[in-house]
Amino acid sequence: MFPTQTMWLFDLDNTLHRADAGIFQLINRAMTAFLAERLHLNEQAASDLRQQYWHQYGATLAGLQQHHPEIDVMDFLRASHPLPEIEPLIQAEDDIRTTLARLPVAKAVFSTGPSFYVRHILHHLGIQDCFQATFGIDDVGLASKPEPLAYQRVCTQLGCTPAQCVLIDDSAANLQTAKALGMGTIWFDRHAHELPFVDACASSLSQLAQWLPPANPDGTGKQPD
């Protein structure tokens, strides 16, 4: 069980919505097109470079920062997250707003996507007001999970310590850093299983409630004094 006083940090992609149902593929194509245009590469070479940076640095953006500082980061993020094309592909669990509302904890979104993309997804799903704060990669100085600096900057802005947070994420690597910093961890994936740095597993948002203390008769979920 996690105490209700903790701040729950929700990942966005493949946690609050199903990014692998078409959005990731769209973003990858848009990244490849951007690299091809800006670096004067053919499509195959641009795709290979995108994947090389992903494997070497954990993100294409990180590779661009390392090797092509002349490229404007926000230009890259805007081009690779075309919201009009993304919007029709957004899918989430049924009754997601009701499910989130039933979790009597403070909540924030902690994503490696850009802030404008995070806000657009949440607004489209009608759940933006379920969260106390939202963090995209540009809100934390372009540090991204699983870099410890990204987590530390989120905690600083929230005014809490890692020990006061629980991370819900589909990435085991992201959870491993969270646990090393002292956060609680919930692996959100239908293939999730026990690992030393995983406190709990869930395959749907509705399952998250089982990791909170039972609600009191007043519905607060708080423990008696």
Side-chain angles (χ1 to χ4, degrees), residues 2 5-20 23-24 27 31 54 57-62 64-65 72-81 83 86-87 90 92 96-97 99-101 103 105-189 197 202 205 208:
F2 299 105
Q5 292 80 9
T6 49
M7 167 68 74
W8 283 31
L9 303 175
F10 285 79
D11 178 48
L12 178 69
D13 294 330
N14 285 340
T15 302
L16 291 174
H17 76 115
R18 303 185 185 100
D20 58 3
I23 291 178
F24 276 163
I27 290 173
M31 285 184 179
W54 174 264
Y57 299 104
T60 303
L61 174 62
L64 284 179
Q65 290 177 280
D72 184 275
V73 167
M74 292 310 298
D75 282 350
F76 170 73
L77 291 174
R78 282 189 290 267
S80 58
H81 294 78
L83 299 183
I86 286 172
E87 186 169 306
I90 298 173
I96 182 173
R97 181 179 176 84
T99 300
L100 291 170
L103 298 174
V105 291
K107 310 173 194 67
V109 176
F110 176 23
S111 172
T112 55
S115 58
F116 65 86
Y117 167 76
V118 174
R119 291 193 299 267
H120 191 86
I121 297 287
L122 298 180
H123 185 269
H124 181 81
L125 294 174
I127 58 173
Q128 69 275 17
D129 59 339
C130 293
F131 300 97
Q132 180 176 317
T134 61
F135 299 94
I137 191 171
D138 47 317
D139 294 315
V140 290
L142 301 179
S144 64
K145 293 180 287 185
E147 297 176 57
L149 185 59
Y151 302 70
Q152 292 161 353
R153 286 175 172 169
V154 165
C155 287
T156 296
Q157 293 188 52
L158 288 171
C160 60
T161 66
Q164 295 171 313
C165 297
V166 176
L167 180 66
I168 302 96
D169 204 300
D170 67 302
S171 166
N174 294 346
L175 296 170
Q176 188 168 18
T177 297
K179 177 53 66 176
L181 292 171
M183 292 184 178
T185 55
I186 299 177
W187 192 358
F188 191 87
D189 189 277
F197 51 85
L205 294 174
L208 296 177

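Keep in mind the model is a prediction, meaning the values are calculated, not measured.
Every residue two or more places apart in sequence or in another chain that forms a ring-ring contact (aromatic ring centres under 6.0 Å, His included) with Phe10 is listed here: Phe131. Every residue two or more places apart in sequence or in another chain that forms a side-chain hydrogen bond (donor to acceptor under 3.5 Å, both in side chains) with Glu87 is listed here: His120. In this structure His81 satisfies the ring-ring contact (aromatic ring centres under 6.0 Å, His included) test together with Tyr117, sequence neighbours excluded.
Sequence neighbours left out, the pairs with a member in residues 165-176 that pass salt bridge (charged side-chain N to carboxylate O under 4.0 Å, His left out) are Lys145-Asp169. Note on residues 126-140: pairs passing side-chain hydrogen bond (donor to acceptor under 3.5 Å, both in side chains), not counting sequence neighbours, are Arg97-Asp129, Ser115-Asp138. Identified under the side-chain hydrogen bond (donor to acceptor under 3.5 Å, both in side chains) test for residues 149-167, with sequence neighbours left out: Thr161-Gln164.
With contacts defined as side-chain heavy-atom distances shorter than 4.5 Å, the pair Phe24/Arg18 does not qualify. Contact of the Phe110 side chain with the Leu167 side chain is registered, since non-hydrogen atoms from C-beta on lie closer than 4.5 Å. A 4.5 Å side-chain heavy-atom check between Thr177 and Met183 finds every atom pair outside the cut-off. In this structure, the side chains of Met7 and Val154 stay at 4.5 Å or more apart for every pair of heavy atoms. By the 4.5 Å heavy-atom criterion applied to side chains, Val166 and Ile186 are counted as neighbours.
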Next item on the list: Evaluate the criterion side-chain contact (heavy atoms from CB on, under 4.5 Å) for residue pair Phe116 and Met74; output intermediate values, then yes/no.
Entry: CA-CA 10 Å; Phe116 65 86; Met74 292 310 298; 4.2 Å; yes
Note to self: Pair Leu100, Leu208 - check side-chain contact (heavy atoms from CB on, under 4.5 Å), show working.
What the structure shows: CA-CA 9 Å; Leu100 291 170; Leu208 296 177; 5.9 Å; no
Next item on the list: Could you give me the CA-CA distance, side-chain angles and deciding distance for Leu205 and Ile96, then say whether side-chain contact (heavy atoms from CB on, under 4.5 Å) is met?
Entry: CA-CA 8 Å; Leu205 294 174; Ile96 182 173; 3.6 Å; yes
Margin query: Walk me through whether Ile90 and Ile121 qualify under side-chain contact (heavy atoms from CB on, under 4.5 Å).
Written below: CA-CA 7 Å; Ile90 298 173; Ile121 297 287; 3.5 Å; yes
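Closest non-hydrogen pair, Phe76 versus Ser80, comes out as O-OG, 2.8 Å. The two residues Phe2 and Gly184 have their closest heavy-atom pair at CE2-CA, 4.0 Å. When all heavy atoms are compared, the tightest approach of Val140 to Ala150 is CG1-O, 4.1 Å. Summarising the geometry of Cys155 relative to Cys165, their closest heavy-atom pair is SG-SG, 4.0 Å, with the distance given to 0.1 Å. The two residues Ala172 and Trp187 make their nearest non-hydrogen contact at CB-CZ2, 4.0 Å. Contact record, Leu158 with Ala133: CD2-CB, 3.9 Å, taken as the closest heavy-atom pair.
Once rounded to the nearest 0.5 Å, the distance linking OG of Ser171 with CG of Asp13 reads 11.5 Å. One distance of note links NE2 of His17 with CD1 of Ile86; it measures 8.5 Å at 0.5 Å rounding. In this structure, CG in Leu12 is found 12.5 Å from CD1 in Ile168, a value given to the nearest 0.5 Å. Note that CG of Asp189 is 8.0 Å distant from CG of Asn14, once rounded to the nearest 0.5 Å. Considering CD of Gln65 and OG1 of Thr60, their distance stands at 11.5 Å, rounded to 0.5 Å. To the nearest 0.5 Å, the span separating CG on Asn174 from OG1 on Thr112 amounts to 7.0 Å.
A side-chain N or O of Thr6 and one of Trp8 form a donor-acceptor pair less than 3.5 Å apart.
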